[in-house]
Amino acid sequence: MRLFAAIIRMSARVGEPIARSRVARIVFALGVVCAAYLSWRSVVLMPSAVIGKVLLLIPTIGLTGQAVFVIWGCFQPVLPSTEEFVLPRIFREFLQNGENRIAKPPVLFRLKKIFRALYGTKTWERVFAEQFTDAEIEYLEAEKDKRLLIARWVCMRTYWTLTATVFKHVFEKVRRFWKMTH
Amino acid sequence: MSHTVYDEIPNLSIREMLILKLLSESGETYGLDMVKQSGGRLKRGTIYVTLDRMEDKGLIESKLEQLKSDKGGPTRRLYSITGHGARILAVWERPLVIGNAMGETTA
């Protein structure tokens, strides 16, 4: 269990600062572009080994990305979200109640990182984080009461509400732009 | 068209007015609670965008709820009406203003 906790902490230390910081995302993207460019240059210099160089391209991009993730993540503090929200929820509510299982969060909640990376901090915190929080609370309450169908229904409904929110958010942006320019 | 005093009052959509009314009645509350209290007039998919817009306008304010140290779980955002929002709601709830605004739109 300690190993599991350590893995979660490590992924939080590495991944979350990238997802939350715009500068980190730019650095990450630049690292990937540089790796791709260097690999491509080596292909141009030695065209006889094209396949080998293309194969080299994939791990180069991956390793560069990972290196940037790790180096940047080492200098960042662990953000409270994972440690304060996920771990206590899993450990206290499922394990300490005597249930010998770990609740694996559904795919829906893994979308959080994508939304956090796509949207700015203000939009994320005020709009999408609230959507996910509502869904998480409803989902965990249903899981706790062993109402599995309700839990699945919460996930399905949240996909729909997230889609509606994205469209509404885009509409809102267009409306504000229109009001500013007219 | 001549400039009237009603032009100075910020416009409120029906949803915004409903949210202000709910907040003025119940004090601090969550977004999801407002959806439940509204009886279907507010939707889960759109309420947070509306609340975001209202916060930008200064009609409402929000803060993260404080959890007790022994309680884990996600923290939700608590919304409350500002003084500015309460004044605008009071103005828009007056029948004279609504009557005049309707008269202007139908004229």
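Because the structure is a prediction, the values reported are computed rather than measured. Order of the sequence lines fixes the chain letters, A, B, ..., with proteins taken first and strands second; residue numbering starts at 1 for each chain. We use all heavy atoms of the structure for the numbers below, so side chains are in, but hydrogens, waters and symmetry mates are not.
- The hydrophobic cluster containing A:L111 also contains A:Y139, counting ILVMFWY residues as joined when their side-chain heavy atoms lie under 4.5 angstrom apart, directly or transitively.
- Criterion: ILVMFWY side-chain heavy atoms under 4.5 Å apart, direct or through other members. Under it, B:I47 and A:Y119 are part of a common hydrophobic cluster.
- Contacts between B:D33 and chain A at a heavy-atom distance below 4.5 Å are absent for every atom of the residue.
- More than 12 non-hydrogen atoms from other residues, nucleotides or ligands lie less than 6.0 angstrom from CZ of B:R77.
- A search for ring pair (Phe, Tyr, Trp, His ring centres under 6.0 Å) contacts involving B:Y48 returns nothing, not counting sequence neighbours.
- A:R126 and B:Y79 make their closest contact through O-OH, 3.7 Å (heavy atoms, listed as atom of the first residue, atom of the second, distance).
- Residue B:T75 comes nearest to A:T133 through the heavy atom pair O-CG2, 3.5 Å, listed as atom of the first residue, atom of the second, then distance.
- The stretch residues 150-163 of chain A places A:R157, A:T161 near chain B, each with some heavy atom under 4.5 Å from a heavy atom of that chain.
- For the set B:L64, B:L51, B:V49, B:T50, the entry with the most heavy-atom pairs within less than 4.5 Å of chain A is B:V49.
- Listed by sequence position, A:K168, A:H169, A:E172, A:R175, A:R176 are the residues of residues 168-176 of chain A in contact with chain B, using a 4.5 angstrom heavy-atom cutoff.
- Taking 4.5 Å as the heavy-atom cut-off, the residues of residues 23-32 of chain B that approach chain A are B:L32, ordered by number.
- B:L42 and B:L78 fall into different hydrophobic clusters, where Ile, Leu, Val, Met, Phe, Trp and Tyr are joined by side-chain heavy atoms under 4.5 Å apart, directly or via other members.
- Checking side-chain atoms of A:T165 against main-chain N and O of B:G45 turns up a donor-acceptor pair under 3.5 Å.
- In B:K57, the NZ atom is crowded: over 12 heavy atoms of neighbouring residues, nucleotides or ligands sit closer than 6.0 Å.
- The CZ atom of B:R44 sits 7.0 Å away from atom CG of A:D134, with the distance rounded to the nearest 0.5 Å.
- Proximity of A:K122 to B:D52: side-chain heavy atoms (C-beta onward) are separated by under 4.5 Å at one or more points.
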